[in-house]
Number of protein chains: 2
Amino acid sequence: MQTKYNTVKQAIKSQILAGAYEPNQKISSENELMKEFSVSRHTVRVAIGELVNEGWLYREQGSGTFCTDRSIQESRNQQSKKSIAIITTYISDYIFPSIIRGAESYLSENGYQVNLYSTNNDIENEKRILESILSQQTDGVIIEPTKSAFTNPNINYYFNLERTNIPYIMINAFYDELEPICLIMDDEKGGFIQTEHLIKHGHKNIVGFFKTDDIQGIKRMKGYIKAHRKYQIPINPKNIISYYSEEKRTKPKDELEILLSAQTDVPTGLVCYNDELALLLLDVLRDKNLKVPNDISIVGYDDSFLAEASEVKLTTVKHPKNKMGEAAAELIVDLVQKNNQNNKDNKEYETIIYDPELVIRKSTKKISDDET
Amino acid sequence: MQTKYNTVKQAIKSQILAGAYEPNQKISSENELMKEFSVSRHTVRVAIGELVNEGWLYREQGSGTFCTDRSIQESRNQQSKKSIAIITTYISDYIFPSIIRGAESYLSENGYQVNLYSTNNDIENEKRILESILSQQTDGVIIEPTKSAFTNPNINYYFNLERTNIPYIMINAFYDELEPICLIMDDEKGGFIQTEHLIKHGHKNIVGFFKTDDIQGIKRMKGYIKAHRKYQIPINPKNIISYYSEEKRTKPKDELEILLSAQTDVPTGLVCYNDELALLLLDVLRDKNLKVPNDISIVGYDDSFLAEASEVKLTTVKHPKNKMGEAAAELIVDLVQKNNQNNKDNKEYETIIYDPELVIRKSTKKISDDET
DNA sequence: TCCGATTTGTTCGTATGTATG
DNA sequence: GCATACATACGAACAAATCGG
């Protein structure tokens, strides 16, 4: 695979998939490519030759080499079954299965096949997967964006999906630059009601834990702040703890321990990015011999089955999960069909925003007045 | 048209069309063709290259160039990406994600695509899925059998997979009639060590909960019985509770409550089909105000993250999960490649049986002697 | 219409690497 | 180990088509 011509070939293919060329645009001449890659003309020709054979390029003697226009894919939808790609950030034990379950059942009932990919929270993998989707016949894509809080270097691939007429929708989060159709929660409101619930129960010293490489975490943090503002409770900066995916097993726990060890200003309430984190923090509280909810209240997020796995059933925010998976499947099927029928009806497909709801269980309690 | 390489190309093609070569017969070497047509080797290579591209010939390094057997009009494996189907019984929040995670990462690294299907524990769905796989181009199948304890009416489809040369392997369980290659745990031993652990801690009144529509449950039950036999502890038939998937949320809990309400012979140890069930039963114990492990010991199965989610960390049996997923992926890729190369080497692919190991945590304890 | 620069197409020679039998 | 066959790579030359001036 590490032959020179293959290197050149992959590099050119990558550029095409990244949308570096318009359809029918001329690519660099053989001479330029020779210099660019420091290889002989022969090598360049072999590389281009294969790409021509695979239908990515075409050559015109005396004129140049050009990018094929893949939007006029006549031969695409033949007898082969339709397939939808689902790209997730991580195949977690957590809310992911619920979403997939909803999507899979709808899609398979409607004669679609599910292709599953995981980026493992790595932008490079996302790129690889998008390349693979673009170079195959995929009819639609449901994607959970990787590191959605940051600028995404793969945006070109998304534009290329649009150009190639492959519809895609985003779930849970979205890249700001794209303004795609997406299915999300109102995460800001979610963070707000988590915090408001505690405030209304008399808590004033509330620690918030937020994963800030995803846009969800940032929005929930915003909600946390807004709730404090609304009820005119000052925020102690030490009470906002942000962490990245890689740190999720250590940083929040460590930071909580530090806060609990303080002599003054010991927190009475915890707002967690999700239930998974809440359970981790419960371990810390147990070690410190703090009783939930008597000594300290804790609010989770997602209403996953974890919320009911522990001894103290968690107060948490409801995540649509199944419903979201199914709605995503429905939406993408609609888009694919519209696409095929060339229906230019102006039926507008719009982003669905789910309203968060608090599920009150046993992990939160009105604060007793004799608290500091 | 009268380029030299075209002349050579047409000449060779004519010979093929005239039936000068048997299928898979070797044609003249490049060197011979050079002399025959008085052209350079490069020219010969260009001519042959086009014929290979058009599917008339295929080359084998070190061996020669051969005539394609066009009778086996396999339109299957063209440039299209290879795909592996993973069929699961249910997209659960439980150990399934770990298995998929292992499999997906290996497969995608090796350029395979994952098609995900779920039978939802329904034989009819399994049939539908197998039909879909057979009618498409799928290169291999990893399947977790549905209702493996019962006779499967879809066996013909599995035989058909074999006939169509689509390799498949089974994980977690298998249909007895098929004797397929599979990746399983030694579930009988698993049930044995669960029970033995309790027996060695002095427990004599041990309740076993087993899901008996899967072969795993039946084997674990067998292990439970064997352990009793070995240590010559009589089994109270009331202490074996079997249930089906549909009943998992109610029957075991109800039965446990009945057993705990009894005046005599109150159980001191619980052997659970899996961690998920163990957590459900913990709720019952909590309601009854029984402390784990002081009043009662409980053993889970699978060593899932649930084992560490609760307040009492579960003693449980280790399930390979990730490793199993990855091994399954490796195995199926091997089989697919063997298949493609028509390698009839007698490298035997064999069933892998994982040895269960007990992970001892806090949910089990030596029984105090003053127990009835 | 022709010229010349550019670009792809065809052909040859040569060398080295790697797999097969 | 050896000869044979295909695979990759470089260099050079000329042909044929295109395009702007």
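In what follows, chains carry the letters A, B, and so on, assigned in the order in which the sequence lines appear, proteins first and then strands, with residues in each chain numbered from 1.
Computed from coordinates, the B/L33 CG to D/dC6 P distance equals 8 Å when rounded to whole Å. Between the NZ atom of B/K9 and the P atom of C/dG9 there is a distance of 14 Å, rounded to whole Å. Following rounding to the nearest Å, A/K26 (NZ) and D/dA17 (P) show an atom-to-atom distance of 18 Å. What separates CD of B/E30 from C1' of D/dT4 is a distance of 11 Å, to the nearest Å. The nearest whole Å value for the distance from the CD atom in A/E32 to the P atom in C/dA5 is 17 Å. Rounded to whole Å, atom P of D/dA7 lies 13 Å from atom OH of B/Y58. The distance from atom CG of B/N31 to atom P of C/dT20 is 19 Å, rounded to the nearest whole Å. With rounding to whole Å, A/M34 atom CE is found 15 Å from C/dT6 atom P.
A salt bridge is absent between A/K147 and A/E124; no separation between the charged side-chain nitrogens and carboxylate oxygens falls under 4.0 Å.
Each of B/T65 and A/Y5 lies near DNA chain D, and the nucleotide nearest B/T65 is the one positioned closer to the 5' end. Along DNA chain C, the nucleotide nearest A/I48 and the nucleotide nearest A/H42 are compared for position; the residue whose nucleotide lies closer to the 5' end is A/I48.
Remark: the B/N24 side chain and the B/Y58 side chain contain an N/O donor-acceptor pair separated by less than 3.5 Å. Counting only N and O atoms by type, the side chains of A/N121 and A/T89 include no donor and acceptor under 3.5 Å apart. Between the side chains of A/Y158 and A/E177, not a single donor N or O lies within less than 3.5 Å of an accepting N or O. Side-chain contact of B/Y117 with A/E104: a donor-acceptor pair under 3.5 Å is absent, judged by distance alone.
Counting only heavy atoms from C-beta on, A/S29 has its side chain closest to C/dT7 among C/dT7, D/dA9, C/dT10.
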Might you list the N or O atoms of the protein lying below 3.5 Å from N or O atoms in nucleotides 18-21 of chain D, with each pair's distance?
| from | atom 1 | to | atom 2 | distance (Å) |
| --- | --- | --- | --- | --- |
| D/dT18 | O4' | A/G62 | O | 3.3 |

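Contact of B/R41 with D/dA7 (side chain to base): a donor-acceptor pair of N or O atoms is detected under 3.5 Å.
Contact of the B/I133 side chain with the B/I87 side chain is registered, since non-hydrogen atoms from C-beta on lie closer than 4.5 Å.
One finds no side-chain N or O of A/R45 lying less than 4.0 angstrom from the OP1 or OP2 phosphate oxygen of C/dT8. Contact annotation: B/T43 does not reach the phosphate of C/dT10 (side-chain N/O to OP1 or OP2, under 4.0 Å).
Residues passing the side-chain contact (heavy atoms from CB on, under 4.5 Å) test with B/R59, sequence neighbours excluded: B/E30, B/R45, B/I48, B/V52, B/T65.
Nucleic acid contact for A/V46: none, since no nucleic acid atom lies under 4.0 Å from a heavy atom of the residue.
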